[in-house]
There are 2 protein chains.
Amino acid sequence: MQTATLAHVARLAAVSENTVSRVIRNKGPIAEETRRRVLAAIEQLGYLPNRAAGALASSSSLIIGVLLPSLSNIVFPEVLRGIHAGLADTLYQPMIGVTDYDLDQEQRLLASLLAWQPAAIITTGFEHTQASRRMLANARVRVAELMDIDARPIDVAVGLSHRSAGVATARHLVSRGYRRIGYVGHDWTADRRAALRYEGLCQGLQEAGLSLVAEQRFDGPSSTLAGRDTLARLVEGDASVDAVAFSNDDMAVGGFMHCLAAGIAVPGRLALFGFNGLEIGQVLPKPLATIRSNRFLIGRVAVEKLLESGERSAEPQVIDTGFEIVAGATA
Amino acid sequence: MQTATLAHVARLAAVSENTVSRVIRNKGPIAEETRRRVLAAIEQLGYLPNRAAGALASSSSLIIGVLLPSLSNIVFPEVLRGIHAGLADTLYQPMIGVTDYDLDQEQRLLASLLAWQPAAIITTGFEHTQASRRMLANARVRVAELMDIDARPIDVAVGLSHRSAGVATARHLVSRGYRRIGYVGHDWTADRRAALRYEGLCQGLQEAGLSLVAEQRFDGPSSTLAGRDTLARLVEGDASVDAVAFSNDDMAVGGFMHCLAAGIAVPGRLALFGFNGLEIGQVLPKPLATIRSNRFLIGRVAVEKLLESGERSAEPQVIDTGFEIVAGATA
DNA sequence: GCGGTATATGTTAGCGCTGAGATCGGAACG
DNA sequence: CGTTCCGATCTCAGCGCTAACATATACCGC
């Protein structure tokens with residue numbers, strides 16, 4: 001019953017409230033016999049601890065604040081899935097906010113998450129407003145910054161080097177004999193990681209004495225539709241390209257669809273390369289060549305790391321969850 | 001600073017704590033001049049209300065508990081997106097739990113959400129344990145049951161009739177001249193809505209004096225991969241089928257991929273029909289024939305309805321967000 | 001048998017906020 | 001001019017829990 005409180009349980013078990021509290025939180029020494037009595041009383045009353053009271057009294061809650069840029073991009077639900085997996089079997093609950101890639105929105109959401117005195121905050125990337133940084137510094141919560149490891153984190157970073165992934169893409173395509181490489185991307189003013197991969201790609205090509213021979217960008221978020229249309233624009237403009245690196249798998253799958261519809265042989269006439277390693281890419285008639293980022297793992301590892309200790313360590317930590325080239329059959 | 005409290009603000013603004021509280025919550029009459037002074041003090045101190053204290057004192061919080069069966073199926077992140085959209089510009093925060101289609105897990109998560117005294121609970125479907133129902137009845141929260149409207153809800157149901165969607169599928173295929181219709185599905189012991197669509201499909205065929213001529217089910221959750229392989233099994237067993245209704249778009253897109261790879265003409269030799277209206281289906285070389293369910297809308301409407309009033313109405317309410325046939329080019 | 005050390009429990013004072021009711025000036029009214 | 005009423009504010013007692021400290025009992029070695 002909603003209305004049973006610690007006091008009720010204490011009375012029924014004939015102990016003090018504090019003892020009940022200690023049984024519940026497994027804190028301090030409790031006689032086996034007492035514990036049994038208390039647990040029985042809890043059971044009998046259907047007692048549910050009031051977390052708000054607990055949070056107030058201890059000035060810390062079992063909430064993990066999660067700030068995601070978007071839920072439309074399948075990547076973030078997968079990270080969230082990892083977070084949930086890491087939180088399973090704990091008493092922590094995630095409270096999530098969606099920033100729409102807007103740093104001011106992130107700041108507002110951060111403020112309202114911190115109002116719950118969460119145990120930790122999980123956010124994305126390294127870009128935050130000055131005020132956000134200050135809030136995170138003042139609040140004594142653990143902070144994880146996910147996806148990216150190409151900068152110095154506040155507390156913990158978990159992710160992969162997108163720059164390296166870009167370099168790896170270039171090297172892979174070059175090693176496969178492609179020389180006239182193009183790029184099809186989306187608007188990355190909000191998506192810094194896509195920009196990092198692009199930089200890595202260019203760098204990798206440069207190492208081989210090459211550079212992009214064509215590029216085409218869609219002015220909006222990534223999607224299969226955008227990928228299809230943007231590749232169409234690219235090949236229309238420059239037919240001499242022999243391979244295309246896409247900003248991610250969504251775009252690449254769209255590109256593949258264009259090739260199918262337009263009768264462009266893949267990879268004979270045009271090779272395609274994505275990023276993320278989404279399931280959909282692997283179900284195409286020819287599995288997409290891509291790089292697998294481990295989104296689920298990123299979420300889970302972040303949670304595990306954060307729960308490991310309530311205190312930040314002296315030095316920021318970086319955890320590289322790595323990536324793997326998926327050779328596929330499109331490049 | 002983290003540490004500013006109502007008392008600090010009150011002192012600075014030279015009013016009582018309660019007045020500050022009323023300014024913040026926009027409750028009760030406040031002189032313009034006082035309000036200005038209080039807001040200035042809040043600003044100056046960077047005051048953030050402690051939600052835990054507020055929740056404790058008012059025994060109700062600005063939390064909306066959200067229970068989703070899964071995050072792997074893109075449908076639920078989209079509902080969540082709708083929920084977020086509905087919550088934007090309010091002070092409410094969603095706290096989410098993932099049940100993995102397990103009613104006992106749902107019950108556990110429900111208990112831990114209710115421990116926060118949420119303003120409302122959003123959950124999926126009509127199946128809950130006895131204990132879950134009791135908790136929801138005792139807690140005086142609003143409750144929304146999403147996705148489905150084919151049963152009587154506890155408080156509010158928002159979704160579409162999956163049975164009708166199944167019937168509509170049958171009628172559409174029949175009206176297109178298909179007579180030898182097969183079914184490719186996934187394991188629906190957990191996914192009652194897929195089962196309802198199936199029932200509707202059979203019912204619709206029966207109305208036309210037909211019945212399924214073949215069916216094949218994958219023993220696991222839906223996925224493109226499962227759809228591809230399961231369609232392969234179906235056509236292998238019975239080559240006379242002229243149209244296949246899939247349990248959803250993921251499965252149908254997989255089926256399309258099989259047809260591409262195996263050189264089966266779509267829809268000439270085999271028509272395909274999905275359910276959900278996912279973007280990926282519309283980017284195929286031939287847009288998938290399917291039914292658009294309005295997931296985003298379901299989430300948003302549910303939130304709007306719940307926030308409309310803090311009290312349940314006497315009679316349970318059902319909100320039909322409808323569905324539309326997407327003719328596509330595969331059937 | 002005494003201090004010392006554990007183990008097990010009780011007592012007390014809040015945590016920061018809100019709700020109910022009390023208070024208090026001034027406008028409206030007969 | 002006294003009464004009523006209303007807008008604007010204050011006072012005060014908790015909400016249900018936890019932290020810190022106090023207490024009590026048992027056991028130990030010397």
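Sequence lines set the chain letters: A, B, ... in the order given, protein chains first and strands last, and positions in each chain run from 1.
- With 3.5 Å as the limit, one finds no donor-acceptor pair spanning the side chains of B:Thr129 and B:Glu106.
- With hydrogens and angles left out, the side-chain atoms of A:Glu145 and A:Thr124 include no donor and acceptor closer than 3.5 Å.
- Using modelled atom types and a 3.5 Å distance limit, the side chains of B:Gln107 and B:His128 yield no donor-acceptor pair.
- Taking 4.5 Å as the limit, some side-chain heavy atom of A:Ser112 sits within range of a side-chain heavy atom of B:Gln93.
- Every residue two or more places apart in sequence or in another chain was checked for a side-chain hydrogen bond (donor to acceptor under 3.5 Å, both in side chains) with B:Thr90, and none qualifies.
- Fit an axis to the five pairs at each end of the helix from C:dG1-D:dC30 to C:dG30-D:dC1 and the two axes sit 30° apart, to the nearest 10 degrees.
- Every side chain to side chain contact (heavy atoms under 4.5 Å, CB included) that A:Ala85 has, sequence neighbours left out, goes to A:Phe296, A:Arg300.
- Electrostatic pairing of B:Glu315 and B:Arg152 counts as a salt bridge here, judged by a charged N lying under 4.0 Å from a carboxylate O.
- Contact check for A:Val158 versus A:Leu297: no side-chain heavy atoms found under the 4.5 Å cut-off.
- Looking only at distances, no side-chain donor or acceptor of A:Arg22 sits under 3.5 Å from a matching main-chain atom of A:Ile30.
- A heavy-atom distance below 4.0 Å to DNA chain C is reached by these residues of residues 7-22 of chain A, ordered by number: A:Val15, A:Ser16, A:Asn18, A:Thr19, A:Arg22.
- Taking atom CG of residue B:Asn50 and atom P of nucleotide C:dG14, one finds them 18 Å apart after rounding to whole Å.
- Judged by distance alone, the side chains of A:Arg133 and A:Asn138 never bring a donor and an acceptor atom under 3.5 Å apart.
- Taking the side chain as every heavy atom from C-beta outward, A:Ile96 and A:Leu67 never approach each other to under 4.5 Å.
- Donor-acceptor pairing under 3.5 Å is recorded for the side chains of A:Asp150 and A:Ser161.
- In the region residues 24-44 of chain B, proximity to DNA chain C at under 4.0 angstrom, judged on heavy atoms, holds for B:Arg25, B:Lys27.
- For the 3.5 Å distance criterion, the side chains of A:Arg108 and A:Gln105 qualify, holding a donor opposite an acceptor.
- Of all nucleotides in DNA chain D, those with any atom nearer than 4.0 Å to a heavy atom of chain A start and finish, going 5' to 3', at D:dG16 to D:dA20.
- A straight line from CG of B:Leu91 to P of C:dT18 spans 12 Å, rounded to a whole angstrom.
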